[in-house]
Visitor: 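Dumping the structure here so I can ask a few things about it.
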Amino acid sequence: MSVLDNKKISFIGGGNMAQALISGLVSSGVNPELITVSAPSKETRDQYDKQQMNTVDASENPKAAVIGADIVVLAVKPQVMRQVVGEFADALDNQLVISVAAGLSTDLLSDMLGGYSNIVRAMPNTPSMIQMGATGLYGTDAISAEQKQLATAVVEASGLVIWVDDEAHMHAVTAVSGSAPAYMFYFIESMVDGAVALGLDKEKASALAMQTMLGAAKMAMNSDDTPAELRRKVTSPKGTTQAAVESMQANEIGRQISEAMKACSDRSQALSEEMSK
Ligand SMILES: NC(=O)C1=CN([C@@H]2O[C@H](COP(=O)(O)OP(=O)(O)OC[C@H]3O[C@@H](n4cnc5c(N)ncnc54)[C@H](O)[C@@H]3O)[C@@H](O)[C@H]2O)C=CC1
Ligand SMILES: O=C(O)[C@@H]1CCC=N1
């Protein structure tokens, strides 16, 4: 038994994030026939058709995805959100709307939806594609307890879920998890470049760097020690790790990571301001 049993879930947009969440839902046992994807591109619709999902041609009949749905997931870019939802907003009738758009506040989304306020804002990330996602959720006061459970279930199928009480925290969620897979990939890229510069071939360097990141993350998750303590246990006095960590500290890598996250959060805030004009 799941709260999603027999619930009809419609995705507006069938791109990267929709695909990630849908793959989590299907892997967790949701019947693909209960999923609808609205997309303007025939190629995208064909992909979902092949997986036994329903598809709607967004450029011809946008309201068809919304009518009869229990949950509507808005998975289009923030820049096109107003135009896209304007095409079906008047067909909403007590559905739970989940927006995964970066930055857009629930107030702004409600304005775009003509005052509709049954909205949960979600910030997932792309590891959702392999059910290793991390998603932050925030809901308006209009959300019922049952709708809160539905929203949790939609994203929990793809990984970890954390609710925040203060909507402003969604910018921090974007900085620490939504955008953060990109920082991790950047770190891996840089480690591989570093190892190749030291003479190792790229394939071996990649395998070692990725396994190390995975192992360190799993260890941090499963250990009673803090990350700082785990770091200390790798660092032998006057040894090799100390040399590496001191180099990072001299270059203020920690401060630079915080600055990058601040830039991410600032951009998230700016998106709502830009799209409200
Ligand atoms: N990619 C990521 O890592 C994350 C993305 N997001 C958010 O997810 C949203 C979607 O991003 P992506 O999936 O990465 O972009 P994407 O470009 O892969 O997908 C967006 C899709 O919307 C479709 N679309 C455009 N107009 C449409 C319409 N009228 N009706 C239906 N579909 C329409 C496009 O054809 C495209 O396939 C964005 O708002 C983004 O902020 C949130 C968290 C992480
Ligand atoms: O870069 C972006 O704007 C989106 C939102 C979080 C991850 N990708």
Side-chain angles (χ1 to χ4, degrees), residues 9-24 35-48 53-67 69 72-89 91 97-106 108-109 112-113 119-130 132-138 151 154-155 158-162 164 169-186 260-261 263-275:
I9 311 173
S10 285
F11 283 80
I12 311 299
N16 290 315
M17 216 53 247
Q19 261 175 44
L21 295 177
I22 289 170
S23 88
I35 296 176
T36 298
V37 180
S38 171
S41 135
K42 180 165 181 328
E43 205 186 328
T44 304
R45 292 198 302 277
D46 286 349
Q47 279 175 21
Y48 290 104
M53 288 167 216
N54 307 291
T55 52
V56 165
D57 183 345
S59 45
E60 292 214 328
N61 196 6
K63 288 185 190 174
V66 173
I67 295 166
V72 175
V73 183
L74 306 177
V76 296
K77 295 284 185 197
Q79 289 81 357
V80 298
M81 185 67 83
R82 186 179 288 279
Q83 182 236 317
V84 171
V85 301
E87 286 165 4
F88 60 72
V97 172
I98 302 175
S99 165
V100 301
L104 305 190
S105 69
T106 52
L108 180 59
L109 289 160
M112 291 176 174
L113 291 165
I119 304 169
V120 167
R121 184 171 158 190
M123 178 44 59
N125 62 13
T126 52
S128 300
M129 281 177 199
I130 54 161
M132 290 288 286
T135 301
L137 292 177
Y138 170 80
V154 168
V155 285
S158 306
L160 174 78
V161 178
I162 303 271
V164 297
H169 292 162
M170 290 301 281
H171 303 303
V173 169
T174 308
V176 76
S177 54
S179 290
Y183 326 156
M184 305 301 154
F185 298 135
Y186 188 43
M261 291 172 70
C264 181
S265 169
D266 287 351
R267 181 65 193 131
S268 174
Q269 290 180 47
L271 274 169
S272 231
E273 285 152 29
E274 277 172 29
M275 297 311 135

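Computed from a predicted structure; not experimentally measured. The figures that follow rest on heavy atoms only: side chains count, while hydrogens, waters and symmetry mates do not. Heads up: numbering here begins at 1 and tracks the sequence. Order of listing sets the numbers, starting from 1, for every ligand and every atom in it.
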Visitor: Just by modelled atom types, is the Ala65 backbone N or O under 3.5 Å from a matching donor or acceptor in the Ser10 side chain?
Guide: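 Such a contact is found between Ser10 side chain and Ala65 backbone.
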Visitor: Please report which non-hydrogen protein atom sits nearest to atom 19 (O) of ligand 1, along with the residue it belongs to and the distance in Å to one decimal place.
Guide: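 Answer, as residue, atom name and distance: Gly15 CA, 3.3 Å.
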Visitor: Report the C-alpha distance between Ser179 and Arg267 in whole Å, list the side-chain angles of each, state the deciding distance to 0.1 Å, and finish with yes or no for side chain to side chain contact (heavy atoms under 4.5 Å, CB included).
Guide: CA-CA 11 Å; Ser179 290; Arg267 181 65 193 131; over 6 Å; no
Visitor: Does the protein place any heavy atom closer than 4.0 Å to atom 33 (C) of ligand 1?
Guide: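 Yes.
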Visitor: When you look for heavy atoms under 4.0 Å from ligand 1, do you find them on the side chain of Ser179, its backbone, both, or neither?
Guide: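 Near ligand 1, Ser179 shows nothing, with every heavy atom at 4.0 Å or more.
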Visitor: Nearest to atom 11 (O) of ligand 1 by heavy atom, Lys77, Gln83, Met81: which?
Guide: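 The nearest heavy atom belongs to Lys77.
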Visitor: Is Thr44 near ligand 1, meaning one of its heavy atoms is under 4.0 Å from it?
Guide: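 For ligand 1, residue contact (heavy atoms, under 4.0 Å) with Thr44 is absent.
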Visitor: State if Ser41 counts as touching ligand 1 under the rule of any non-hydrogen atom under 4.0 Å.
Guide: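 Heavy atoms of Ser41 never come under 4.0 Å of ligand 1.
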Visitor: Judged by atom type as modelled, is there a donor-acceptor pair below 3.5 Å linking the side chain of Asn54 to the main-chain atoms of Ile35?
Guide: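 Answer holds: yes.
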Visitor: Under a 3.5 Å distance rule, please check whether Tyr138 uses its side chain to pair with a backbone N or O of Met170 as donor and acceptor.
Guide: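 A pair under 3.5 Å: no.
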Visitor: Below 4.0 Å, non-hydrogen atoms only: which portion of Pro78 touches ligand 1? Side chain, backbone, both or neither.
Guide: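 Within the 4.0 Å criterion, Pro78 contacts ligand 1 through backbone and side-chain atoms alike.
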Visitor: Just wondering, are more than 12 heavy atoms of other shown residues or ligands nearer than 6.0 Å to CE in Met261?
Guide: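 It does: Met261 CE has more than 12 such atoms within range.
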Visitor: Does any non-hydrogen side-chain atom of Met81 lie less than 4.5 Å from one of Leu108?
Guide: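 No, too far: nothing below the 4.5 Å cut-off.
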Visitor: Return the residue, atom name and 0.1 Å-rounded distance of the protein heavy atom closest to atom 4 (C) of ligand 1.
Guide: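 Looking only at protein heavy atoms, the one closest to atom 4 (C) of ligand 1 is Met17 SD, 3.4 Å.
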Visitor: Which heavy atom of the protein is the closest neighbour of atom 43 (C) of ligand 1, given with residue, atom name and distance?
Guide: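 Among all protein heavy atoms, the one nearest atom 43 (C) of ligand 1 is Pro124 O, 3.2 Å.
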Visitor: So which of Ile12, Val100, Val76 gets nearest to atom 38 (C) of ligand 1, if we judge by its closest heavy atom?
Guide: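 The residue whose heavy atom sits nearest atom 38 (C) of ligand 1 is Val76.
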Visitor: Within a distance under 4.0 Å of any heavy atom of Gly13, pick out the atoms of ligand 1 and give their elements.
Guide: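 Matching atoms, with element in brackets: 22 (O), 31 (C), 32 (N).
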Visitor: Is there side-chain contact between His171 and Asp266, with at least one heavy-atom pair below 4.5 Å?
Guide: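 His171 vs Asp266: side chains apart.
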Visitor: Taking atom 4 (C) of ligand 2 as the reference point, report whether a protein heavy atom occurs under 4.0 Å from it.
Guide: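 Within 4.0 Å of atom 4 (C) of ligand 2, no protein heavy atoms are found.
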Visitor: Can you name the atoms of ligand 1, numbered from 1 with element, that are less than 4.0 Å from a heavy atom of Thr126?
Guide: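 Answer for ligand 1: 2 (C), 3 (O).
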Visitor: Note the single closest protein heavy atom to atom 6 (C) of ligand 2, along with its residue, its atom name and the distance in Å.
Guide: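 Sorting protein heavy atoms by distance from atom 6 (C) of ligand 2 puts Ser179 OG, 3.6 Å first.
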Visitor: Under a 4.5 Å cut-off applied to non-hydrogen side-chain atoms, are Val173 and Val164 in contact?
Guide: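 Answer yes - side chains close enough.
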Visitor: Using a 3.5 Å distance criterion without hydrogens, assess whether the side chain of Ser158 forms a donor-acceptor pair with backbone atoms of Gly133.
Guide: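 No; judged by distance alone, with no hydrogens or angles, the pair does not exist.
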Visitor: Should Tyr183 and Cys264 be marked as a side chain to side chain contact (heavy atoms under 4.5 Å, CB included) after you check the CA-CA gap, both sets of side-chain angles, and the distance that decides it?
Guide: CA-CA 11 Å; Tyr183 326 156; Cys264 181; 3.9 Å; yes
Visitor: Rounded to the nearest 0.5 Å, how far apart are CG of Leu74 and CD1 of Ile119?
Guide: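 The CG atom of Leu74 sits 8.0 Å away from the CD1 atom of Ile119.
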Visitor: Evaluate Asn125 for polar contact with ligand 1, using N/O atom pairs at a separation under 3.5 Å.
Guide: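 In this structure, Asn125 places no N or O atom under 3.5 Å from an N or O of ligand 1.
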Visitor: Record the part of Met123 in heavy-atom contact with ligand 1 below 4.0 Å; permitted values are side chain, backbone, both and neither.
Guide: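 Under 4.0 Å from ligand 1, Met123 contributes side-chain atoms alone.
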Visitor: Regarding Glu87 and Gln83, is there a side-chain donor-to-acceptor distance under 3.5 Å anywhere?
Guide: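 Side-chain D/A pair, Glu87 to Gln83: present.
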Visitor: At a 4.0 Å threshold, what atoms of ligand 2 neighbour a non-hydrogen atom of Ala102?
Guide: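 In order of numbering, the contacting atoms are 5 (C).
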Visitor: Look at the side chain of Arg121 and the backbone N and O of Val100, then say whether any donor-acceptor pair between them is shorter than 3.5 Å.
Guide: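 No, the answer is negative, given that no donor and acceptor are paired below the 3.5 Å cut-off.
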Visitor: If you count the atoms of ligand 2 from 1 in the order shown, which ones are under 4.0 Å from a heavy atom of Gly178?
Guide: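 Taking each heavy atom of Gly178 in turn, ligand 2 has 6 (C), 7 (C) under 4.0 Å.
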Visitor: What residue and heavy atom of the protein are closest to atom 18 (O) of ligand 1, and at what distance?
Guide: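 Residue, atom and distance for the closest contact: Asn16 N, 2.9 Å.
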Visitor: Would Gly178 count as a polar contact of ligand 1, with the cut-off being nitrogen or oxygen pairs under 3.5 Å?
Guide: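 It does not: no N or O of Gly178 is found under 3.5 Å from an N or O of ligand 1.
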Visitor: Considering only the protein, which heavy-atom contact is closest to atom 29 (N) of ligand 1, and what is its distance?
Guide: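 Looking only at protein heavy atoms, the one closest to atom 29 (N) of ligand 1 is Val84 CG2, 3.4 Å.
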Visitor: Between Ala39, Ala65, Ala75, flag the one that comes closest to atom 10 (C) of ligand 1 by a heavy atom.
Guide: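 The nearest heavy atom belongs to Ala75.
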Visitor: As a check for students: among Ala101, Ala58, Gly14, identify the option with a heavy atom nearest to atom 30 (N) of ligand 1.
Guide: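 The option holding the nearest heavy atom is Ala58.
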Visitor: For atom 25 (C) of ligand 1, what is the closest protein heavy atom, and at what distance to 0.1 Å?
Guide: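 The protein heavy atom lying closest is Pro40 CG, 4.1 Å.
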Visitor: Against heavy atoms of Ala102, which atoms of ligand 1 measure under 4.0 Å?
Guide: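 The list of qualifying atoms is 39 (O), 41 (O).
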Visitor: Can you tell me how far apart CG (Leu113) and CZ (Phe88) are? Round to the nearest 0.5 Å.
Guide: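 With rounding to 0.5 Å, CG (Leu113) is 6.5 Å from CZ (Phe88).
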Visitor: Which of the atoms in ligand 1, numbered in the order shown and given with their element, are less than 4.0 Å from a heavy-atom of Ser38?
Guide: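 What qualifies from ligand 1 is 31 (C), 32 (N).
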Visitor: Is there side-chain contact between Gln47 and Val37, with heavy atoms separated by less than 4.5 Å?
Guide: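 Not in contact.
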